[in-house]
2 protein chains.
Amino acid sequence: MDQRSLPPIQTTARDDAVLKALAEFVGTEGLKPGGRLPTERILAERLRVSRNTVREALTRWEGLGLVERRQGSGTYLKAAVSPDMLHLPLTLAGGNDFTSLMQTLEIRRALEAEAAALCAERASEADIAEIARKLDIMEHAFRTRDGMSSEEDWEFHQAIYKVSGNPLFEQIIAAMYELFHRFWEHPLGVRDFGHASFPYHRTIYERIAAHDPQGARDEALKLIATVEDDLKRGVAKLKLADLT
Amino acid sequence: MDQRSLPPIQTTARDDAVLKALAEFVGTEGLKPGGRLPTERILAERLRVSRNTVREALTRWEGLGLVERRQGSGTYLKAAVSPDMLHLPLTLAGGNDFTSLMQTLEIRRALEAEAAALCAERASEADIAEIARKLDIMEHAFRTRDGMSSEEDWEFHQAIYKVSGNPLFEQIIAAMYELFHRFWEHPLGVRDFGHASFPYHRTIYERIAAHDPQGARDEALKLIATVEDDLKRGVAKLKLADLT
DNA sequence: GTGCCGAAATTGGTTGGACCATTGGACCAT
DNA sequence: ATGGTCCAATGGTCCAACCAATTTCGGCAC
């Protein structure tokens with residue numbers, strides 16, 4: 001007999017029910033990201049559930065990054081939420097050695113290239129203008145702050161991921177980014193880390209603006225290649241330092 | 001002055017502290033997935049916090065899929081966990097199932113191609129033999145069970161990811177895979193789903209065995225393309241059914 | 001009237017204690 | 001050996017407070 005034909009029954013699911021109700025509430029109320037959710041006490045009363053149960057449910061949402069709680073202020077929606085949303089936890093083992101950093105770059109190489117290509121395919125004129133804006137901001141920051149433009153750099157890339165139409169790109173690459181920068185504020189002591197990648201931001205943009213997927217892909221690959229080179233140079237430098 | 005050099009003090013972070021302590025405990029205790037965590041009551045006592053606080057912390061871990069709670073039994077570790085691990089929830093906000101599935105395939109397309117290329121570069125003769133073995137098993141299963149070989153299919157791919165030398169490939173693609181098969185035993189009612197991809201498993205293997213990265217990449221892309229086609233065909237079929 | 005300050009109300013965070021529902025093992029009867 | 005019963009352990013829920021951060025608002029100085 002097929003064991004799957006007799007699944008275990010689900011007897012208790014209070015907090016799940018709370019989340020379901022809350023998702024519906026957000027939908028019917030037309031709540032946008034940034035909006036404020038009802039008080040925990042009010043939710044408990046309305047849903048006929050203890051405040052503790054409400055809190056456990058909200059804790060789940062907070063863990064998923066859907067909601068932000070501010071003590072003394074309230075609970076705020078951080079992302080669009082609908083009842084039929086999919087959540088999947090991804091756990092990544094990361095180390096802080098050279099190999100691990102290189103591995104995050106291998107993932108980024110694959111994803112950045114694909115995202116850039118998709119972006120070049122799908123970008124509207126408005127999208128291109130927005131990316132151009134982010135590029136200008138980033139280039140300006142780079143020139144005035146002598147290469148320290150990681151924040152603006154990241155926003156430029158985010159704009160590309162967004163236009164790609166696939167939120168997974170941003171989420172996964174952000175995870176790689178986090179793994180990469182976890183331990184290194186100035187990776188491996190290479191002062192001008194990231195300088196070499198600078199010109200490729202504009203070339204990527206140009207290929208996107210020209211709706212040239214293959215070109216955008218190639219330029220993205222070149223950009224990652226410079227970062228990999230920087231990383232290798234940093235390691236070489238470290239080994240040299242070890243010998244002295 | 002760099003604002004990041006002076007992070008705001010964390011006056012209240014009880015549950016985060018609990019999770020940190022718990023992660024250390026799992027490490028020092030050498031707890032493996034499947035193992036049982038201490039009772040909530042015991043944790044509360046040991047950590048000098050209320051049981052509710054312990055519960056909120058565990059709820060977070062449960063949401064991340066790190067832990068499973070069984071009423072009347074205990075709390076069990078579901079995945080390896082160490083303090084320097086990155087856990088992040090992937091959120092696929094896509095009302096429309098088709099869109100979501102297509103998005104998981106876009107990620108897979110990028111990663112499968114890269115993994116296959118890296119595998120072709122780095123595979124030793126022993127690696128190639130192992131992949132060949134998995135391929136034979138999968139092909140045999142496919143023929144004897146008339147196309148139902150998803151388990152063996154997956155193992156073949158896993159062997160490739162493993163040889164790529166980068167564990168991140170398997171971790172991320174596994175998440176995409178999970179997302180893809182979340183609802184569907186037989187996706188969209190397309191009976192022969194996956195049949196079209198069958199021949200490309202062997203061509204991928206051949207390119208890997210020939211240490212031909214670009215060839216392996218191309219064949220991997222073709223494989224994903226067939227899956228995308230199947231998906232589109234399934235949707236077309238659904239729309240047709242709606243009209244009747 | 002304007003602007004500042006402090007008290008009070010609001011809200012999430014934590015605590016301790018109680019009870020319920022489920023589980024799993026010990027023990028017993030057949 | 002099988003099945004039934006009881007009981008202790010454990011997660012799930014509830015309640016009633018209190019703490020800590022934030023916001024609100026009224027009164028005071030100017």
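The chains referred to below are lettered A, B, ... by the order of the sequence lines, with proteins before strands, and numbering in each begins at 1.
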Item to complete: Mind telling me whether B:Tyr161 and B:His157 have parallel, tilted or perpendicular rings, with 30° and 60° as the class edges?
Response: parallel
Item to complete: Answer yes or no: side-chain N or O of B:Asn52 and base N or O of C:dG16 forming a donor-acceptor pair under 3.5 Å.
Response: yes
Worksheet entry | B:Thr39 side-chain N/O to D:dT10 phosphate OP1/OP2 under 4.0 Å | yes
Discussion item. Wobble G-U and Watson-Crick pairs count when both distances are under 3.5 Å; given that, what is the 5' to 3' dot-bracket string of DNA chain C, with | for pairing to other strands?
Written reply: ||||||||||||||||||||||||||||||
Practice prompt. Would you check, one step at a time, whether the test side-chain hydrogen bond (donor to acceptor under 3.5 Å, both in side chains) holds for A:Asp136 with A:His140?
Written response: CA-CA 6 Å; A:Asp136 286 339; A:His140 179 262; over 6 Å; no
Practice prompt. Can you tell me the distance, in whole Å, between the CD1 atom of B:Ile42 and the P atom of D:dG11?
Written response: 9 Å
Worksheet item: Do the side-chain N or O atoms of A:Thr75 get closer than 4.0 angstrom to the phosphate oxygens (OP1, OP2) of C:dT11?
Response: no
Worksheet entry | Given C:dG16, D:dC14, D:dA21, the nucleotide with the shortest approach to the side chain of B:Ser50 | C:dG16
Discussion item. On DNA chain C, does the nearest nucleotide to B:Glu56 precede the nearest nucleotide to B:Arg70 from the 5' side, or the other way round? Give the residue.
Written reply: B:Glu56
Discussion item. Can you tell me whether the side chain of B:Arg55 and the base of D:dG11 have a donor-acceptor pair closer than 3.5 Å?
Written reply: no
Response to the item:
Between CD of B:Glu40 and P of C:dC19 the distance, given in whole Å, is 19 Å
Worksheet item: Does B:Glu130 come within less than 4.0 Å of B:Lys134, counting only side-chain N to carboxylate O?
Response: yes
Worksheet item: Heavy atoms under 4.0 Å, any strand shown: does A:Arg41 hit a base, just sugar-phosphate, or nothing?
Response: base
Worksheet entry | Carboxylate-amine/guanidinium contact B:Glu62 A:Arg60, below 4.0 Å | yes
Worksheet entry | Polar contact flag, side-chain donor to acceptor under 3.5 angstrom, B:Arg55-B:Ser50 | no
Worksheet item: With respect to A:Cys119, which candidate in A:Ile204, A:Ile128, A:Val163 satisfies the side chain to side chain contact (heavy atoms under 4.5 Å, CB included) definition?
Response: A:Val163
Worksheet item: How long is the line joining CZ of B:Arg48 and P of C:dG16, in whole Å?
Response: 11 Å
Fill in: Separation of atom CD in B:Glu45 from atom P in C:dG16, rounded to whole Å
11 Å
Fill in: 5' priority, DNA chain D, between A:Tyr76 and A:Thr53 [closest heavy atom]
A:Thr53
Practice prompt. May I ask you to test the A:His87-A:Leu66 pair for a side-chain heavy-atom distance under 4.5 Å?
Written response: yes
Worksheet item: Separation of A:Gln71 atom CD from D:dA21 atom C1', in whole Å?
Response: 5 Å
Practice prompt. Please state whether the base of D:dG12 and the side chain of B:Arg51 form at least one donor-acceptor pair under 3.5 Å?
Written response: yes
